[in-house]
Amino acid sequence: MNRQAVRGILCFLLFFGIGLSAIAVFDYKPPSSKPMAGEEKAAVNGTISKVAAAVSPSVVGITNLSRDGDLFNQRSIEKTGSGVIIDYEGYIVSNNHVVKDAQRLIVTLADGTEKEAELIGTDPRTDLALIKIQVNRKVTPVRFGDSDQLVVGQEVVAIGNPLGLRFARSVTAGIVSGLNRLLTTEEGFTFRLIQTDAAINPGNSGGALVNLDGQLIGINTVKIAAEGFEGMGFSIPSNQVKMVIEDIKKHGKVLRPLLGIKIIGEISQDEARYFNLPARSGVVVEPTKGGPADKTGIKPYDIITRLDGVKIETASQLQELIFSKKIGQTVKLELLRLPRNQAGQAEIKTFKVKLDK
């Protein structure tokens, strides 16, 4: 073979090798971002799914059965909500509005078992209720967490039965949007709640709000359903839940120091200036008949301006000051009594009231 032929073969081999390299380069595909079978399983089995698996057996469905109408025109009413098993004895915490007016309460456990429940007690002020079912330690109670340790932005998981038992133990996740949110009930009671953006829908009431350690940090109670508002749900802090259920267990109700008043409204500084009132703030009250305030001489539309020397500006402040006292303790009230006619003058009065239960 002559030299020219050898040179041609070498050139062919050279360009053939370069071509293979180019093909290899342009045909190269990077490793897929999709995890392999074992990795995919690990990714799915993340924190929220672990929390859901651990806590879901503690969440139950509650069916409230009642009747309405007269003897000849009765109709059955069925309402559903959620509850949380708190111990091996079968005690379950839920919302007062879930069990209210029930003639029968049916609890549906995670395995589908239905049990009739006994109402132990309720606390309308905090919208909490305690019921009990018969069990043989075959339940999974929830673990309580410390709601005082919550911080805004912390991740939380809500578990309950939105829209009834068809969607039992639905899991939604979100964050703590706010703490110590003040809401006022129809009865005029104000209490502090945890705000969360985890989806809470009708039927979720009484369900669990838990942290990522699977600990109960709240009982879901209400959401803002007004048009234009999204992601505003509220839960009762677990530390408050523990205090309420312990009192209900012992006494059948929550024992609180009571002044015996109904709060009608608040006086702002602007209103005080406009009406030229001697006090710049206060809470307008009405004594409950036969209660401590009524017996002491407090009258409807009296304005409480100070309690034990502390200036009163809001209804929630007044309630918290009263609840911080002990049953049987005497408090000093300073109030403003408006004239009952145009000729009269506003009076500042002082009363000593012994708190009842």
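- Counting non-hydrogen atoms of other residues, nucleotides and ligands closer than 6.0 Å to CD of Q134 gives a total of 12 or fewer.
- With values rounded to the nearest 0.5 angstrom, D356 atom CG is found 13.5 Å from Q329 atom CD.
- A distance of 10.0 Å separates CZ of R67 from CZ of R104, quoted to the nearest 0.5 Å.
- Considering only residues two or more places apart in sequence or on other chains, D302 meets the salt bridge (Lys or Arg N to Asp or Glu O under 4.0 Å) condition with R337.
- Between the CD1 atom in I194 and the CG atom in N180 there is a gap of 9.0 Å [rounded to 0.5 Å].
- Side-chain contact check for Q195 and R181: at least one donor-acceptor pair (N or O, by modelled atom type) lies under 3.5 Å.
- L335 places none of its side-chain heavy atoms less than 4.5 Å from the side chain of I348.
- Among the candidates V60, I62, I120, the single residue satisfying the side-chain contact (heavy atoms from CB on, under 4.5 Å) test with I131 is I62.
- A cation-pi arrangement, defined by a distance under 6.0 Å to the six-membered ring centre and an angle within 45 degrees of its axis, is present between K249 and Y91.
- Between E320 and R192 the shortest side-chain heavy-atom distance falls below 4.5 Å.
- Between A315 and V283, the closest heavy-atom pair is N-CG2, 3.7 Å.
- T80 places none of its side-chain heavy atoms less than 4.5 Å from the side chain of N161.
- N239 contributes no side-chain N or O that, together with a main-chain N or O of K242, makes up a donor-acceptor pair within less than 3.5 Å.
- To the nearest 0.5 Å, the span separating CZ on R256 from CG on L355 amounts to 13.5 Å.
- In this structure, the separation between CD on Q317 and NZ on K311 is 9.5 Å, given to the nearest 0.5 Å.
- Atom CZ of F323 has more than 12 heavy atoms from other residues, nucleotides or ligands within 6.0 Å.
- T221 approaches N95 most closely through the heavy-atom pair CA-OD1, 3.5 Å.
- The minimum heavy-atom distance linking G160 with V59 is given by the pair CA-CG1, 4.1 Å.
- The CG atom of L209 lies 9.0 Å from the CD1 atom of I219; values are rounded to the nearest 0.5 Å.
- The two residues I92 and I86 have their closest heavy-atom pair at N-CG1, 4.5 Å.
- Applying the salt bridge (Lys or Arg N to Asp or Glu O under 4.0 Å) test to K325 and every residue at least two apart in sequence or in another chain returns D308.
- Judged by distance alone, with hydrogens and angles left aside, the side-chain atoms of D146 form a donor-acceptor pair with the main-chain N or O of D148 at under 3.5 Å.
- The two atoms that bring V135 and Y88 nearest to each other are CG2-O, 3.2 Å, heavy atoms only.
- Side-chain contact check for I304 versus L318: some heavy-atom pair is nearer than 4.5 Å.
- Side-chain contact between R169 and I159: present, with at least one pair of heavy atoms (C-beta onward) separated by less than 4.5 Å.
- V51 has its side chain within reach of V210: a pair of non-hydrogen atoms, C-beta onward, lies under 4.5 Å apart.
- Side-chain N or O atoms of N220 include none that pairs as donor or acceptor with a backbone N or O of S205 at under 3.5 Å.
- Note: the hydrophobic cluster containing I217 does not contain I175 (ILVMFWY, side chain heavy atoms under 4.5 Å, direct or indirect links).
- Between L277 and L336, some side-chain heavy-atom pair lies under the 4.5 Å cut-off.
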